[in-house]
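Here is how names work: the chains are called A, B, and so on, in the same order as the sequence lines, proteins then strands, and each is numbered from 1. Computed over heavy atoms, backbone and side chain alike; hydrogens, waters and symmetry mates excluded.
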Protein chains: 2
Amino acid sequence: MARLSSDERRAALLQAALRVIDRDGVHGATTRAIVAEAGMSLASFHYAFRSRDEMIRELIAFVVENEQQVSLAAVQADADIRTVVRSGLQAFFELLVSNPTREQALFELMHYSLRTPELGELPRAQYASYFRAARVLLESGAAAAGVTWSLPIEELARILIAFTDGLTLAWLADRDDAAAAVVMDFAADTISALAVPVRAKEHQR
Amino acid sequence: MARLSSDERRAALLQAALRVIDRDGVHGATTRAIVAEAGMSLASFHYAFRSRDEMIRELIAFVVENEQQVSLAAVQADADIRTVVRSGLQAFFELLVSNPTREQALFELMHYSLRTPELGELPRAQYASYFRAARVLLESGAAAAGVTWSLPIEELARILIAFTDGLTLAWLADRDDAAAAVVMDFAADTISALAVPVRAKEHQR
DNA sequence: AAGCGACTGGGACGATTGACCCAGTCCGAA
DNA sequence: TTCGGACTGGGTCAATCGTCCCAGTCGCTT
């Protein structure tokens, strides 16, 4: 064991790979580009990972776990449910605008996984993670606003993610902020319309 | 100009390239794979196209023009607007299920374009084409059902495309048909809720 | 029938890639 | 201080890529 960090070096390489993919896409994430970004030598790469594929596999798993979608889940107190949903979407959108290449990178990683036989199951986990984040927003928002959902929470979470994916892709294509806002308004309106007030007694406990 | 088809050979190569991308992704669409699929020799490729990039550029333009999204626009007569929207979504979904790799290919081509400086504007045209198809469905459906939209048609088209993109990505990830149906139901409900009946006089003329 | 030019086959080139290898270096344990 | 093993630098390899080239071939025109 000894020297610093068998795991630290792997983590450093993963971070570097993510930066390279942000900058140049999955296509540009060659072993040489990654070690250059990490300030290491090529030998270190194959000392840490058996192959590039293994690294990509771990990278996707890492991204899925550390769902940075958390920005979606900033629920302020005593807001009505429509505001909660709209704010969550706005937070996500601002993340997208401030770092569009990151969302592109996530999509590219997904499509790369779908094309790679032994990675084909990863997108399922990726979306399960997204749904979980959406569910957190919807549940905590509903609790804060004193409402409950008239549809199963899993279905609502999927609908919310469909909205974020759809508005992200269209925005990446034409960068129309105003149009994205319209979609977010529509999403907040229609989703919050499925909220029903909790009877005071239930709300209280 | 003589021999058969300066344009025909280009078209044949484009079709072959599309089949290769369907099968192996953009990454696998090498010049050699494409000419093999087309049953041609490598020299013919560079006789027809100056470079692979030029071919990809024309391929995307071709795909955007021949929007196969038309399947979305099968409007049956005397159906209420909710049914029209739901049927359009269902037609799209069945296209997706019967040919998932085609939708994957379109996404990959979009992301490839976004990463390629001189192709960066193509996704805008791609989505303009999608919006146009959605608009056709919404307008003809509204005319057939005798309703009009309470939101600008451009905004509604974008919302509809957000739904199709969102449900497509999630379905590609987990292949959950039932969940996709829920999203489509929600989309049809919420979009058709924005339809208002036309006064008989207007409807008649 | 001849010839011109559009077209093709097959090979080659340089660049890039993932992977490997080996001689060293550096650190901590003894 | 010595020594062993974890780690690295730099070079190399085969495979694959886009691109190019040139000697042919084939079909139309004349």
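- Note: CZ (R52(B)) to P (dT19(D)) measures 8 Å, nearest angstrom.
- Going from atom CE of M55(A) over to atom P of dG18(C) covers 9 Å, rounded to whole Å.
- Checking dA19(C), dT8(D), dG9(C) against every side-chain atom of R32(A), the shortest atom distance belongs to dA19(C).
- In terms of position along DNA chain C, the nucleotide closest to A29(A) lies nearer the 5' end than the nucleotide closest to the other residue of the pair A29(A) and A43(A).
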Under the salt bridge (Lys or Arg N to Asp or Glu O under 4.0 Å) criterion, do R158(A) and D174(B) qualify, and how do the steps go? CA-CA 11 Å; R158(A) 195 183 186 95; D174(B) 67 11; 2.9 Å; yes
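- In terms of phosphate contacts, H46(B) brings no side-chain nitrogen or oxygen within less than 4.0 Å of OP1 or OP2 of dC20(D).
- We find that R10(B) and E54(B) are joined by a salt bridge, their nearest charged nitrogen and carboxylate oxygen being less than 4.0 Å apart.
- For the pair S41(B) and dG9(C), the criterion of a side-chain N or O lying under 4.0 Å from OP1 or OP2 is met.
- Taking atom CE of residue M40(B) and atom P of nucleotide dG9(C), one finds them 8 Å apart after rounding to whole Å.
- The interatomic distance linking R9(A) (CZ) with dG9(D) (P) rounds to 11 Å, in whole Å.
- Per the geometry, CG belonging to L13(A) stands 13 Å off P belonging to dA19(C), to the nearest Å.
- Rounded to an integer number of Å, the gap from CZ of F49(B) to P of dC7(C) is 14 Å.
- Remark: the Y127(B) side chain and the D165(B) side chain contain an N/O donor-acceptor pair separated by less than 3.5 Å.
- dG10(D) atom P lies 19 Å from atom OH of Y47(A), rounded to whole Å.
- Under the rule for a salt bridge (charged side-chain N to carboxylate O under 4.0 Å, His left out), the partners of D189(A) that lie at least two apart in sequence or sit in another chain are R82(A).
- Remark: T31(A) is in phosphate contact with dG18(C), judged by side-chain N or O atoms under 4.0 Å from OP1 or OP2.
- Regarding H27(A), its NE2 atom lies at a distance of 14 Å from the C1' atom of dG18(C), rounded to whole Å.
- Taking side-chain N and O atoms only, S44(B) has a distance below 4.0 Å to OP1 or OP2 of dT8(C).
- Nearest heavy atoms, L122(A) versus R57(A): CD1-O, 4.2 Å.
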